[in-house]
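Worksheet: the structure to be examined is printed underneath.
Atoms within each ligand, like the ligands themselves, are counted from 1 in listed order. This chain uses plain numbering: 1 for the first residue, then up along the sequence.
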Amino acid sequence: MKITFAKPETTSKGIVVVTANAGNKLSPSAKILDVETGGALVRAIRASRFEGKKTQTLNIIAPEHTKLDRIMIVGLGKSTDITNIEMQNLGGRIYAATKQAKNGLVSIVLDTVAGSKLNSNEMAAEIGYGAKLRSYSFLKYKTQIKADQKVAIKTVKITCDNIVSARKIYNKLSKVAEGVFFTRDLVSEPPNILYPETLAKEAKTLEKIGIKVQILGESQMRRLGMGALLGVGQGSVRESKLVVMQWNGGSKSKSSKPIAFVGKGVTFDTGGISIKPSSGMEDMKWDMGGSAVVIGLMKALAGRKAKVNAVGVVALVENMPDGNAQRPGDIVTSMSGQTIEVLNTDAEGRLILADALHYTNEKFKPKFMVNLATLTGAIIVSLGSHHAGLFSNNDQLSDRLTQAGLDVEERLWRLPISDDYDKMINSQVADMQNIGGRGAGSITAAQFLHRFVGKTPWAHLDIAGVTWSKSDKPTIPRGGTAFGVRLLDRLVENHYEG
Ligand code: BES
Ligand code: MN
Ligand code: ZN
């Protein structure tokens, strides 16, 4: 499906989408179409509940002489409802409502709305971005798709006042969409195909867009002393990997510190010897969601040539039960020197992140670190799928993340960390244990990570509830959501460029 921008012109093919504001105020283009159709739009509105509210749509069979198939009126709501996000959602909804259109062409006709923060070019770009995001699908393993199940729509053409301006905004957004799609692809791959080595290879492909990619294997990690990470992978026949990605689009000065993103990449989490119940275990293929977000984010930043120096580190392991697997009761020594009593082999994400965070902090001395992980089932109990959990040792970073989340509708909710919760992971025999007691499961997991970040500003996003969606959203078809890519791209854009 192609997204194109055009000057207003008379269209006489396919579906035409025009807009109305709250109170059924037809746009100038809609009024012209109404006249051309002998008042078909106004009559259809009068015969319906359509009021021009946002999210409302009205479909009209086009009169014969127009040669059009269908006219769709979409509500924009009040002029203050016209925000970037609302326009993206509108684009996504229009895509979903027209993707089976046989003529293959949808033309969306936009006029600048008085009193709106966005002009018609900005609206056009955001609608195009939303349509693009919604058009994602993962059909690689479907060999029997029938012609009538395929998407029919070939072109979404959006008309606005200034094509050059719309295209310029859209091109930048589409780079972010490409990062989102990469993440969704990785999360959707099955675990027999995507395992540490093959996931590392996918990250390596980012070299062609100017990212430096380094892959560490088990022997290198052993030399670095990453006993916590290696313990998790030791029951798997697949070799564990640590991938380090660097995008240097910012200042060349040696004294300027990079920003860093760290991802949990458990390509499959059986739980290990503390094995999970079989029902629903297939969901654990997306336990590498945090790493996929970091990889997709790097792609987005490099794709849009962000003026920032960013490091992405992903810890890739497979958590399997095996004769050589880690046992409950084992004590491992992390790269930081701190020892960990592994009481539950299913609390593995924090173990691999402990070494990845420490490594990132030591090696890059970053301005801040944000890690993402499908870390706990408990965060789903707390927040469901409408917010990800946010834990941080730094109020400024935390506030900036929260605001970026509101900007892109990937919402975060901050939960506390404190000494009292920290004590819950003290061990009798080692420096700490990898699970707390009863209660506060997401917080004790965060406290564990906190012990590996030193004094560096740090935030942990627990994305277990938001990485996969069981239902369609306007810009997110069901499946992998890539939650975090747009959020962190926005964080960078808001505060860390230039
Ligand atoms: N990957 C899981 C967390 C998870 C659960 C993500 C459900 C998505 C959906 C994690 O490794 C895990 O198993 N956590 C345990 C921790 C417990 C053993 C302290 C959990 O949440 O049950
Ligand atoms: Mn687990
Ligand atoms: Zn896990």
Side-chain angles (χ1 to χ4, degrees), residues 187-188 191 194-196 199 228-229 231-236 238 240 262-293 314-322 325-330 340-356 371-389 391 415 421 424-425 427 432-449 460-470 479-481 483-484:
V187 171
S188 305
L194 197 87
Y195 46 88
L199 181 47
L229 187 157
V232 175
Q234 97 191 14
S236 170
R238 314 289 197 187
S240 302
V262 179
K264 168 180 172 179
V266 178
T267 60
F268 195 72
D269 181 13
T270 63
I273 296 299
S274 313
I275 198 161
K276 288 181 181 295
S278 58
S279 152
M281 202 199 271
E282 66 279 5
D283 283 355
M284 286 301 116
K285 78 167 184 183
W286 40 264
D287 210 19
M288 36 59 72
S291 69
V293 170
V314 294
L316 312 179
V317 302
E318 186 182 52
N319 189 19
M320 297 293 268
D322 178 76
Q326 161 158 275
R327 292 147 292 256
D330 281 5
I340 304 158
E341 185 186 13
V342 179
L343 289 179
N344 189 321
T345 64
D346 196 12
E348 84 296 341
R350 62 200 76 181
L351 294 169
I352 66 170
L353 285 172
D355 280 337
N371 76 260
L372 302 105
T374 49
L375 203 64
T376 65
I379 202 69
I380 309 176
V381 177
S382 313
L383 300 174
S385 60
H386 300 304
H387 284 84
F391 305 81
L415 290 158
Y421 291 113
M424 292 171 72
I425 54 167
S427 156
M432 70 195 84
Q433 56 192 38
N434 76 330
I435 51 172
R438 276 173 74 77
S442 302
I443 303 177
T444 49
Q447 295 293 166
F448 188 95
L449 303 181
H460 152 52
L461 310 184
D462 194 335
I463 56 172
V466 295
T467 291
W468 192 267
S469 169
K470 294 217 154 82
T481 63
F483 182 108

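The Zn ion (ligand 3) has no N, O or S atom of D346 under 2.8 Å away, backbone or side chain. The Mn ion (ligand 2) has an N, O or S atom of D269 under 2.8 Å away, backbone or side chain. Among the atoms of L375, no N, O or S atom is found under 2.8 Å from the Zn ion (ligand 3).
Taking any N or O of D287, backbone or side chain, at least one lies under 3.5 Å from an N or O belonging to ligand 1. Considering backbone and side-chain N/O atoms, K276 comes within less than 3.5 Å of an N/O atom of ligand 1. No N or O atom of A464 sits closer than 3.5 Å to an N or O atom of ligand 1. Note: no N/O pair closer than 3.5 Å links W286 and ligand 1 by distance alone. For the pair N344 and ligand 1, the shortest N or O to N or O distance does not fall below 3.5 Å.
Atom-to-atom distance recorded for L375:CG and F448:CZ is 10.0 Å, nearest 0.5 angstrom. Within the model, atoms CG of L461 and CG of L372 stand 4.5 Å from one another, a figure rounded to the nearest 0.5 Å.
In the displayed structure, F268 atom CZ is contacted under 6.0 Å by more than 12 heavy atoms of other residues, nucleotides or ligands.
Atom 2 (C) of ligand 1 has D269 OD2, 3.6 Å as its closest protein atom, hydrogens excluded (heavy atom only). At the shortest separation from atom 9 (C) of ligand 1 among protein heavy atoms lies M284 CE, 3.5 Å. Of the protein's non-hydrogen atoms, the one nearest atom 16 (C) of ligand 1 is R350 NH2, 3.9 Å. Nearest non-hydrogen protein atom to atom 21 (O) of ligand 1 is G377 N, 2.7 Å. Distance from atom 19 (C) of ligand 1 to its nearest protein heavy atom, with residue and atom name: I435 CG2, 3.4 Å.
Restricting D287 to its N/O/S atoms, the shortest distance to the Zn ion (ligand 3) is reached by OD2. In E348, the N, O or S atom that comes nearest to the Zn ion (ligand 3) is OE2.
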How far apart are the C-alpha atoms of T374 and T467, what are their side-chain angles, what is the distance that settles it, and do they pass the side-chain hydrogen bond (donor to acceptor under 3.5 Å, both in side chains) test?
CA-CA 8 Å; T374 49; T467 291; 5.8 Å; no
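If you look at K264 next to ligand 1, the close heavy atoms, those under 4.0 Å, all belong to the side chain. With a heavy-atom cut-off of 4.0 Å, D346 touches ligand 1 through backbone and side chain alike. When non-hydrogen atoms are compared, ligand 1 lies under 4.0 Å from the backbone of L375 (N, CA, C, O) but not from its side chain.
K264 pairs with exactly one of D287, D462, D269 by the side chain to side chain donor-acceptor pair (under 3.5 Å) rule, that one being D287.
For atom 14 (N) of ligand 1, a protein heavy-atom neighbour is found at a distance under 4.0 Å.
Residue-ligand proximity: I380 is placed with a non-hydrogen atom under 4.0 Å from ligand 1.
No donor-acceptor contact under 3.5 angstrom links the side chains of T270 and N319, judged on distance only. For the 3.5 Å distance criterion, the side chains of S427 and E341 qualify, holding a donor opposite an acceptor.
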